[in-house]
Amino acid sequence: MATINLGRIKLVNKGVWASGTTYAIDDFVQYTDSGVVSTYIAVAASQNQAPSSSGTENGSYWKFLAKGVALAVGNNKVVTSDASGNLQGTSLGSAGQFLRTNLAGNGFDFATVSQTFVKRTSIFNNTRYSHSSVSDSGNVWSGSFTKVHDDATSCIYLTWMAKSYGSSADFSGVYFDIDTGTTHGSDNSDAFYGVGYTDNGEQAMHWGHKKVDRASLDAGGHNVIWGWRVRTGSSNKPGSVLNPNQSDDTRMHNSGFYCFIDEILK
């Protein structure tokens, strides 16, 4: 009966390549070249024929079965790849920086956020407040926000708008301020007056914008206060009602007090 030589029917793992070992076709080995470990399969019998040199396979005797990739990019680095697909490490940046495509558009680096805007807190209040007399001066409404940075780094910009309803004699200014643990003093010290517009002596709109930058305005929680004081030498008030509704005047819409608290880097 004739004998048929089927040859090898499976690959043979010969472990790490050694120069003194004789290798047959379909043997496969592990070999480290330039710090990268790859797996090679023999395509010809050999001895003392290294599988590769400087990343180039010794094609007369060996072929890549599984090509390794260099991973030695160092500690505390972000791993990216270059245009050739080779891995490389990008060193970490400073605290608060972000990873971006570099200015040349051919790699990555860490950069600092250039915008000065930090955060915005939006506050709305539509509670109806009645000013029964000119003696109602002082704080009327308050809200809260959280500041991210200390005063040395950022300041606050307040932008607000409120409507009121009253008579033509009600021309007093209103104020809006940040409470830093003390009460409001005189009309012009701790607080500021907003602009007011009166329609036919009845409907009034107050609005204002102010930068608030003081040593006590550090990171953490703060209160914002809306209120009013009588005009110097007068008994006026800023309308008889704050946030009026249609019961005060059928021409009124049911809106309210709007406030934006913006934290901006210095």
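Bear in mind the structure is a predicted one, so any value in this text is a computation, not a measurement. Any value given below was found using the heavy atoms of this structure, including those in side chains, with hydrogens, waters and symmetry copies removed.
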Flag yes if [X] and [Y] sit in one hydrophobic cluster, no otherwise; membership is Ile, Leu, Val, Met, Phe, Trp, Tyr, and two members link when side-chain heavy atoms are under 4.5 Å apart.
X: Val16; Y: Phe28; value: no
X: Leu65; Y: Val43; value: no
X: Phe260; Y: Val118; value: no

Out of curiosity, [X] [atom1] to [Y] [atom2], how far, rounded to the nearest 0.5 Å?
X: Thr21; Y: Lys14; atom1: OG1; atom2: NZ; result: 7.0 Å
X: Asp33; Y: Thr56; atom1: CG; atom2: OG1; result: 8.0 Å
X: Ser142; Y: Ile123; atom1: OG; atom2: CD1; result: 9.0 Å
X: Arg214; Y: Cys155; atom1: CZ; atom2: SG; result: 12.0 Å
X: Thr22; Y: Gln49; atom1: OG1; atom2: CD; result: 11.5 Å
X: His222; Y: Lys147; atom1: NE2; atom2: NZ; result: 6.5 Å

Keeping [X] on the side-chain end and [Y] on the backbone end, is there a donor-acceptor pair under 3.5 Å?
X: Lys211; Y: Leu158; answer: no
X: Glu263; Y: Phe117; answer: no
X: Asp150; Y: Ala152; answer: no
X: Asn243; Y: Asn125; answer: yes
X: Asp26; Y: Leu11; answer: no
X: Asp218; Y: Asp151; answer: yes

Hey, does [Y] have a side-chain heavy atom less than 4.5 Å from the side chain of [X]?
X: Thr39; Y: Val29; value: no
X: Leu92; Y: Phe110; value: yes
X: Asn102; Y: Phe108; value: no
X: Trp160; Y: Phe257; value: yes
X: Lys210; Y: Tyr157; value: no
X: Tyr31; Y: Val37; value: no

Can you name the nearest heavy-atom pair linking [X] to [Y], along with the distance?
X: Ala44; Y: Ser60; result: CB-O, 3.5 Å
X: Val148; Y: Lys119; result: CG2-CD, 3.5 Å
X: Lys67; Y: Gly55; result: NZ-O, 4.4 Å
X: Ser34; Y: Ser54; result: OG-CA, 3.9 Å

Between Trp62 and Tyr23, ring centroids under 6.0 Å: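 Trp62 vs Tyr23: aromatic centres under 6.0 Å.
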
Test log, rule side chain to side chain contact (heavy atoms under 4.5 Å, CB included), inputs Val241 and Tyr129: CA-CA 6 Å; Val241 177; Tyr129 295 93; over 6 Å; no

Let me see the working for Gln30 and Asn13 under side chain to side chain contact (heavy atoms under 4.5 Å, CB included), right down to the final yes or no. CA-CA 9 Å; Gln30 294 77 50; Asn13 184 359; 3.6 Å; yes

Any chance the side chains of Lys266 and Thr153 put a donor and an acceptor closer than 3.5 Å? no

Say whether Ser52 and Tyr40, considering side chains only, have a donor N or O and an acceptor N or O under 3.5 Å apart.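 Yes, Tyr40 and Ser52 have a side-chain donor paired with an acceptor closer than 3.5 Å.
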
Under a 4.0 Å threshold between the charged nitrogen and the carboxylate oxygen, would Arg100 count as salt-bridged to Asp109?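 Salt bridge flag = yes for Arg100 with Asp109.
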
Is there a side chain to side chain contact (heavy atoms under 4.5 Å, CB included) between Ile261 and Ile156 once you walk through the steps? CA-CA 7 Å; Ile261 305 166; Ile156 293 295; 3.7 Å; yes

